[in-house]
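Just so it is clear: chains get the letters A, B, ... in the order the sequence lines come, proteins before strands, and each one is counted from 1.
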Amino acid sequence: MNILGEIIEPLLESALTDLGVKGDFWKRALGSSRERDQGDMSLPCFPFAKQLAMNPNDIAANLAQALFGKIDVEAAGGYLNFKADPHWLAQKVMAGIPSTGNKSVLIEHTSANPNGPFHVGRARNAILGDTMVRLHRLHGNQVRAEYYVDDMGKQVAVLAWALEHLSREDVDKILDGRGQVHPRWVGKHDHEIVRWYQAAQALRKEGDDAIEEEIGRLVHASENGDDSVLQRFEQAYQPVLDGMLETLERLGIEFDTFTKESKFVVDGSVSSLMETLEALEIHGTAENGAHFLDLGLRGLKGKTEFFYRRGDGSSLYATRDIAYHIWKWQQSDILINILGEDHKLQAKQVGMTLEELGHKVPDVMFYAFIKLPEGKMSTRRGNVVFMDDLLEEAQAHAAQVVKQLRPNYHSGKVASIAEAVGVSAVRFNIIKVNPDKGFTFKWEEALSFEGESAPFVMYSHTRACSIAAKIGRPVGEYEIGDIPDAMYQLMRVMACNNDRLGLAVNEHKPHLFANQMLDLATAYNSFYRDCHVLNDGEVNEFYYAVSQRAKHMLNQGMSALGLIPLESM
RNA sequence: GGGCGUAUAGUGUAGUUGGAUAUCACUUCGGCCUUCUAAGCCGAAAACCCGGGUUCGAAUCCUGGUACGCCCGCCA
C-alpha cells in the first residue's frame, strides 16, 4: 500500500536513525502484511539484530514505542505491524489515488505472418499485447500499438505464388479433403486463402525445382525491394491480414499503426545498417561471403555467430528487425515487444547488436506456448483450435447460461450479453496466468464462467450498476461514517489498485492486475453482502458513494483488461 | 550435447524479489435465495519435484539431479 508506505518511511527513518541503524536497506523489507489482522504493512526487525546487538523482539518493541501516537503500530514476534486508519483510508480512497504514468510507449505485438487464421496459441500474443496497451493507458502512459507486417520473404512469396498459379479446383485437388473451411467461415479470407498456402506447401514438399526456383526469384526480388513484386505480395496477403484483424476486432484489439518490414529495405536503412555492422570489431565473414557478428566476444553463450547478411548480399529477417528497432527508438521513449518464447535467442541477438551500435535494448515480454491436451498446436496436423471457433463457442455457451439464468430476457439482450461474456471470458483466461508458464487449453476451463473468471468480475460490476439504477440519481452529499469490516477490506483493496497496476505495467505482468480485479470483485461482494446501500427504500449515502467508487474502479480495470463491463447480465 | 525457461493440494494457479499460520479457484463434503442480480456468499478437507548448501529465517538464493517446454537455419 504505497500511500501508507509514504507516511511510514520518513517516520521509520528517523526512529531507526535514533536507534542507531545505518543505511536504508530496510526499505525493501517494508512490505504488505501477510495476514489481515496483522495490519497493512509490516517490517521484519531481524535484519537489525546484528547491527544493534539486540534481539528482534526488543527492537520491534522499541520502535513501536518511538512511533507511538504518530501512527497505528504494533510490535509482534519481531515484526512491526502498521495499520492504516480506516477513516483516513476511506478519505484517501474516496478522493481518488492518482496513477503515475507519463511516458511515451510503443508496444509492438501480434505481428503474425499474414498467412492464415489465428489459432488460440498465436492469439496469446495479441491478447497479452493488447492488455499491456490498455494497462499502460490506464496507468497514464501515452501508448502506440503497432503491428509489424511481415510483407516479404518466403512465407508471403509462397502465398503469392499459390494465388497466382493455383485455381480453386487445383487447391481442392491438392488438399484432397484436408483443411476444409468450416461452413461457418466460408467467405472469411484468412480461412479461405490459407488453403492456397497449404496447397503450395504440399506441392513444394514433392520437390518441384521449377516451383522452388520461381519462389526463390520472388523472395530475392522482395529482399531487394522490387516494388512490383512487393505489390503482388501485398495483394496476396492483405485480404488474409484483413480476415485476421476481423478476429482481433471481435476481441477488442486494434492497432494504431502498421509498419511493413519492406519499408526498411526500400528506404535503404537495411543496407546502410549492414555497412555499419561490417565496420564493427566483432564482425566476421564466412567462406561464401556471408556476414556475421561474433556475439561470443560479448558474452553470448551457445551458438555465437549471428548472421545478418547472406552470401548473396541480401539481408535476413533479424537484420531488418534491427533496422526496425533503430527506427522505433526515434518514435518513443520506451519500447516493448511481445514475443513467443521461441524468439528468445533472436531477441537476444537483436538486443546485443543494438547495444553494440550504441542503442538501447527494448523491453521484451515473452510468453510460453499454449498447447492442447493432444500436444502441440499444429494447423498442419489438424491439432488446432481457431480463435474464431473459440469465440463462437464461448458466445454460444454464454447464451445458454444467460437463457437459463434469466429466462425473461429477450433474445437481443441475451445475444449481446453472451457476446460480451464470451469475449471477456476468453481474454481473461489467457491474461490471468503468468506469461512465463505454458498452459494446456481445455474447453471446459475456457468456457467456465464461475470462480476466477471474467463473468465473476463482471457480475460484481452489474450488482453495483443495479443498485445505481434502482436509486436513479448520482451520489449526493455524504459524510464518512462507520466503516464495517467488509467495507474496510474493500477500501484496502481499492487503496492498492494503482500499486498493482503500476507493478503489472512495469514488470510486464498483466496477470497481477487480473488478480487485482478478482480481489476487487471479491471485496465488493463482501461489501455488498454486509453493507446494504438500500434499506427499505432508504439510501445510505456513504455506502452508495463507496459502491459507486468501486463500480467505477471495476469498470476502468475491466476495460484495461479488455473485459466488457455490462450494466446487467 | 549446449543455452534459456518452468516445476506449489486430485486439477489449475498466486506468492510484492529471503520473512510470521503458503494465495485464490475448480473438484469433493456441509450450509445460505419472501432482503440492492445465488454467474454470488459462508464453512471443511487437501500442496512447495528430489538431494546437498548459505542464513536468525528458504517455495524464493547457491549447487547437483529429475521431468517438461522452447531454442541452438546464410528460415521467418
K.L.:
Under the salt bridge (charged side-chain N to carboxylate O under 4.0 Å, His left out) rule, collect the residues that match up with Glu261(A), sequence neighbours excluded.
P.N.:
Arg320(A)
K.L.:
How about Leu30(A) and Ile8(A): do any of their side-chain heavy atoms sit closer than 4.5 Å?
P.N.:
yes
K.L.:
For Leu512(A), answer base if it contacts any base atom (sugar-phosphate contacts may also be present), sugar-phosphate if it contacts only those atoms, and nothing otherwise; contact means non-hydrogen atoms under 4.0 Å.
P.N.:
sugar-phosphate
K.L.:
For residues Met365(A) and Pro435(A), determine if any side-chain heavy atom of one lies less than 4.5 Å from a side-chain heavy atom of the other.
P.N.:
yes
K.L.:
Just jot down the ring pair (Phe, Tyr, Trp, His ring centres under 6.0 Å) partners of His109(A), sequence neighbours excluded, or say none.
P.N.:
Phe255(A)
K.L.:
Taking only N/O atoms, report every protein-nucleotides 10-13 of chain B pair under 3.5 Å with atom names and distance.
P.N.:
residue	atom	partner	partner atom	Å
rG12(B)	N2	Glu452(A)	OE1	3.0

K.L.:
Give the rounded distance in Å between these two atoms: CG of Leu300(A) and C1' of rG3(B).
P.N.:
8 Å
K.L.:
Could you list the protein-to-nucleotides 61-63 of chain B atom pairs, N/O on both sides, closer than 3.5 Å?
P.N.:
none

K.L.:
Spell out protein contact along nucleotides 66-76 of chain B as letters: B when the base is contacted, S when just the sugar-phosphate is, - when no protein heavy atom is under 4.0 Å; keep the 5' to 3' order.
P.N.:
---SSSSSBSB
K.L.:
Please work out if Pro56(A) contacts a base, only the sugar-phosphate, or nothing of the nucleic acid, heavy-atom cut-off 4.0 Å.
P.N.:
nothing
K.L.:
Which is more 5' along RNA chain B, the nucleotide nearest Arg34(A) or the one nearest Asp519(A)? Just name the residue.
P.N.:
Arg34(A)
K.L.:
Does the ring of Tyr409(A) carry Lys413(A) above it, NZ/CZ under 6.0 angstrom from centre and within 45° of its axis?
P.N.:
yes
K.L.:
Please work out if Phe449(A) contacts a base, only the sugar-phosphate, or nothing of the nucleic acid, heavy-atom cut-off 4.0 Å.
P.N.:
base
K.L.:
What's Met569(A) touching, base or sugar-phosphate or nothing? Going by heavy atoms closer than 4.0 Å.
P.N.:
base
K.L.:
Considering Watson-Crick and G-U wobble pairs with both distances under 3.5 Å, what does rU34(B) pair with?
P.N.:
none
K.L.:
With sequence neighbours left out, what residues match Phe25(A) under ring pair (Phe, Tyr, Trp, His ring centres under 6.0 Å)?
P.N.:
Phe48(A)
K.L.:
What is the glycosidic conformation of rU17(B): syn, defined as within 90° of 0, or anti?
P.N.:
syn
K.L.:
Tell me, for nucleotides 30-35 of chain B in 5' to 3' order, what letter each nucleotide earns: B for a base near a protein heavy atom under 4.0 Å, S for only sugar-phosphate near one, - for neither?
P.N.:
-----B
K.L.:
What is the nucleic acid contact for Val402(A), judged by heavy atoms within less than 4.0 Å: base, sugar-phosphate only, or nothing?
P.N.:
base
K.L.:
Got a sec, which residues hit ring pair (Phe, Tyr, Trp, His ring centres under 6.0 Å) with Phe527(A), two or more places apart in sequence or on another chain?
P.N.:
Tyr524(A)
K.L.:
In the strands shown, is rA76(B) matched to any nucleotide by a Watson-Crick or G-U wobble pair with both distances under 3.5 Å, and which?
P.N.:
none
K.L.:
Please pick, from rG3(B), rC41(B), rA39(B), the nucleotide with the shortest atom-to-atom distance to any side-chain atom of Ile417(A).
P.N.:
rA39(B)
K.L.:
To the nearest Å, give me how far apart CD (Glu444(A)) and P (rA25(B)) are.
P.N.:
18 Å
K.L.:
Do the side chains of Pro510(A) and Leu135(A) get nearer than 4.5 Å, heavy atoms only?
P.N.:
yes
K.L.:
Please report the distance, rounded to the nearest Å, between CZ in Phe513(A) and P in rA14(B).
P.N.:
17 Å
K.L.:
Base, sugar-phosphate, or nothing for Cys531(A), non-hydrogen atoms under 4.0 angstrom?
P.N.:
base
K.L.:
When you compare rU21(B) with rG57(B), how far apart are their C1' atoms, in angstrom units rounded to a whole number?
P.N.:
15 Å
K.L.:
Look through every strand shown and name the nucleotide pairing with rG5(B) as Watson-Crick or G-U wobble, where both distances are under 3.5 Å.
P.N.:
rC68(B)
K.L.:
State whether a side-chain donor-acceptor pair under 3.5 Å links Asn2(A) with Glu6(A).
P.N.:
no
K.L.:
Which residues pass the ring pair (Phe, Tyr, Trp, His ring centres under 6.0 Å) test with Phe307(A), sequence neighbours left out?
P.N.:
Phe292(A)
K.L.:
Between Phe366(A) (CZ) and rG3(B) (C1'), how many Å, whole number?
P.N.:
13 Å
K.L.:
For Glu541(A), give me all partners under salt bridge (charged side-chain N to carboxylate O under 4.0 Å, His left out), at least two apart in sequence or on another chain.
P.N.:
Arg473(A)
K.L.:
Regarding Lys83(A) and Glu74(A), does a basic nitrogen lie under 4.0 Å from an acidic carboxylate oxygen?
P.N.:
no
K.L.:
Both distances under 3.5 Å, Watson-Crick or G-U wobble: report the partner of rU63(B), or none.
P.N.:
rG51(B)
K.L.:
Once side chain to side chain contact (heavy atoms under 4.5 Å, CB included) is applied, do any residues pair with Ala469(A), and if so which ones, sequence neighbours excluded?
P.N.:
none
K.L.:
Give one of base, sugar-phosphate or nothing for Asn81(A), where a contact means two heavy atoms less than 4.0 Å apart.
P.N.:
base
K.L.:
Applying a 3.5 Å limit to both distances, which nucleotide forms a Watson-Crick or G-U wobble pair with rC26(B)?
P.N.:
rG10(B)
K.L.:
Please classify the nucleic acid contact of Ser448(A) as base, sugar-phosphate, or nothing, using heavy-atom distances under 4.0 Å.
P.N.:
nothing
K.L.:
A cation-pi test, strictly: NZ or CZ of Lys376(A) under 6.0 Å from the centre of the six-membered ring of Phe369(A) and no more than 45 degrees from its axis. Yes or no?
P.N.:
no
K.L.:
Taking salt bridge (charged side-chain N to carboxylate O under 4.0 Å, His left out) as the definition, give me every residue that meets it alongside Glu9(A), ordered by chain and number, with sequence neighbours left out.
P.N.:
Lys27(A)
K.L.:
So what does Ser453(A) touch, heavy atoms closer than 4.0 Å: a base, only the sugar-phosphate, or nothing?
P.N.:
nothing
K.L.:
Syn versus anti for rC42(B), judged by chi lying within 90° of 0?
P.N.:
anti
